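Each chain gets a letter, A, B and so on, in the order the sequences are listed, and its residues count up from 1. Nothing here was measured: the structure is a model prediction, and the numbers come from that model.
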Amino acid sequence: MTARVQGQEPVATPILHVDMDAFYASVATRDRPDLADVPVIVGGGHRGVVLSANYPARVYGVRSGMPSTRARRLCPDAVVIAPDHDEFSVVSSAVMEVFRRVTPLVEALSMDEAFLDVRGAVRRLGPPAVIAEQVRAVIHDEQRITCSVGVAATVSVAKLASKRAKPDGVVVVPPERVTTFLHPLDVGELYGVGEKTRASLHRLGLVTVGDVAHTPVGTLRRALGDALGTHLHELAWGTDRREVSPGRSGVFGNGGGDPERSMGAQETFSRDVDDREVVLRELLRLTSRVTTRMRVAGVAGRTVAITVRFADFTTITRSRTLSEATDVTQEVYRAAVGIYDALGLQRARLRLVGVRVENLLPREQVHHQHLLGEREHGWSEADRAMDRATRRFGDAAVRPASLLG
DNA sequence: TCTGGGGTCCTAGGACCC
DNA sequence: TCTGGGGTCCTAGGACCC
């Protein structure tokens, strides 16, 4: 397949997937040459998980997402560093800026990886593989961290290629070598295939990507559902046509500015909790965190959902849709408490609670039927006053009375 | 002292409407 | 005395990704 743009020669492999190597660990140690060859784990507080492990730590089997207790057992000598999220976002922004110097067609998938469509840059900068090396050199010079790049005709193949390139390399997969590249891979490598789906596929006797490719779509759809079945078959042949979309990052298909999104916050208690007052205070904290972010983003939402995780790790979510979208702390909190009380938990031991607001839309689109002077209006004013004070005096300056002390 | 926190999308069932 | 069909909204849960 070749991509064409008017006035430009076709480019066989216009898509780059750039992925930082052990991003958090690399950033955390870039000023610590003494840690270069020492196992390093970022994250992993009390009841936490590993955010990132450098390559020396990975030798011991440490992986990101692993419970920190297990990681320390595997590698007791590892240096554990607390994450500095502010620094991560600064580096992330700088890296994304490097990408945008190459092309405006950049889709950030997360802090540390992005797709680049470079078909418009080849005249200026050279073939995609050359661009890939330039990007790597610039990031290394400016940020002192390494990254790996996959180069291919499609985003899904580019993503798999960057994994193959790790660490600190480039892999180009030309169109004529796509199936040769894909088919020997384990099905678990495909984007969207996790533990459960991999197990389902294994039960069907499908172990490699090639196995999936040579299975009728109908079989896959019956086993995995319409969407996933169809999608995996495309991925297995490298025929997925999803474009790089600079707007939003979507997991499946091409989203293209879909407004249906959510914002939430959740927190694991340092010790399991069975006291209603403690839970409610936490719900208020989390709600306030979420609604503050919503007001900054200029969005409101109609559906309030809470998550409750019990001591045994079973997790439930319950939601309630309001008649009107809101960004008012007290309204979201009232809904959250209503949902919580409806659960009727009698001193159950809770590990975590969370609050999420869904069905977000731009605040301008919320039509207010509230009468002036109604209570809601007062709460909204109070929120905005809090926001202003927070901006001027910082987070600790202003908070609901029940969160004091 | 196992198992974070921020998200997205899909599925399935029930209610409700035409 | 046998059961329609969509379509949309809402809710709950599950799977997945980084």
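Nearest-nucleotide positions on DNA chain B for A:G264 and A:D226 put A:G264 closer to the 5' end. In terms of position along DNA chain C, the nucleotide closest to A:R302 lies nearer the 5' end than the nucleotide closest to the other residue of the pair A:E195 and A:R302. The nearest heavy atom of DNA chain C to A:R320 and to A:G188 marks one nucleotide each, and the one closer to the 5' end goes with A:R320. Between A:L51 and A:G225, the one whose closest nucleotide on DNA chain B sits nearer the 5' end is A:L51.
The phosphate of B:dT3 (OP1 or OP2) has no side-chain N or O of A:T69 nearer than 4.0 angstrom. Between A:R261 and B:dC9, a side-chain N or O to OP1/OP2 separation shorter than 4.0 Å is absent. Residue A:R73 places no side-chain N or O under 4.0 Å from the OP1 or OP2 atom of B:dC2. At least one side-chain nitrogen or oxygen of A:K159 sits closer than 4.0 Å to the OP1 or OP2 atom of C:dC18. The side chain of A:R309 contributes an N or O atom lying less than 4.0 Å from OP1 or OP2 of B:dG4. The phosphate of B:dG4 has OP1 or OP2 within less than 4.0 Å of a side-chain N or O from A:R351. Dashed line: the shortest gap from a side-chain N or O of A:R318 to OP1 or OP2 of C:dA12 is under 4.0 Å. Dashed line: the shortest gap from a side-chain N or O of A:S64 to OP1 or OP2 of C:dC18 is not under 4.0 Å. For the OP1/OP2 pair of B:dG7 and a distance below 4.0 Å, the side-chain nitrogens and oxygens of A:R293 include at least one atom meeting the criterion.
If you measure from atom CD of A:E324 to atom P of C:dC10, you get 14 Å, rounded to the nearest angstrom. If you measure from atom NZ of A:K196 to atom P of B:dT11, you get 18 Å, rounded to the nearest angstrom. Per the geometry, CZ belonging to A:R289 stands 15 Å off P belonging to B:dG4, to the nearest Å. Here the C1' atom of nucleotide B:dG6 and the NE2 atom of A:H85 are 10 Å apart, to the nearest Å. Atom P of nucleotide C:dC18 and atom CD of A:E113 are separated by 6 Å, given to the nearest angstrom. Summarising the geometry, the separation between CG on A:D19 and C1' on C:dC17 is reported as 12 Å, rounded to the nearest angstrom. Atom pair A:Q266:CD and B:dG5:P shows a separation of 6 Å (rounding to whole Å applied). In this structure, A:R198 places its CZ atom 11 Å from P of C:dC16, rounding to the nearest Å.
Stacking between A:Y191 and the base of C:dC17 is absent under the criterion of ring centres within 5.5 Å and planes under 30 degrees.
Taking atom C1' on both nucleotides, C:dG4 is separated from B:dC17 by 14 Å, rounded to a whole Å.
Nearest nucleotide to the A:T317 side chain, out of B:dT11, B:dG6, C:dG13: C:dG13. For A:D112, the listed nucleotide lying nearest its side chain is C:dC18; candidates were C:dA15, C:dC18, B:dG6.
Using the Watson-Crick or G-U wobble rule with both distances under 3.5 Å, C:dT8 pairs with B:dA15.
Between A:E107 and the choices A:K159, A:R242, A:R100, the salt bridge (charged side-chain N to carboxylate O under 4.0 Å, His left out) rule is met once, by A:R242.
A:M263 comes within 4.0 angstrom of the backbone, heavy atoms only, and of no base. Residue-level contact check: A:G43 touches neither bases nor backbone, having no heavy atom under 4.0 Å from any strand. Using a 4.0 Å heavy-atom criterion, one finds that A:A305 contacts no nucleic acid atom at all. Heavy atoms of A:L322 sit nowhere under 4.0 angstrom from any nucleic acid atom. Residue A:S68 is out of contact with every strand shown, counting any heavy-atom pair closer than 4.0 Å.
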Open item on the list: Walk me through whether A:R309 and A:Q266 qualify under side-chain hydrogen bond (donor to acceptor under 3.5 Å, both in side chains).
Closed with: CA-CA 10 Å; A:R309 173 128 72 215; A:Q266 60 178 48; 5.9 Å; no
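Remark: A:R58 qualifies as a cation-pi partner of A:Y55 under the 6.0 Å distance and 45° angle criteria applied to the six-membered ring.
A:S92 places no side-chain N or O within donor-acceptor distance of the main-chain N or O of A:F88, the cut-off being under 3.5 Å.
Taking 4.5 Å as the limit, some side-chain heavy atom of A:I316 sits within range of a side-chain heavy atom of A:L343. Under the 4.5 Å side-chain criterion, counting only non-hydrogen atoms from C-beta, A:R302 is not in contact with A:E358.
The pair A:E87-A:R30 meets the salt-bridge criterion, since a charged nitrogen lies less than 4.0 angstrom from a carboxylate oxygen.
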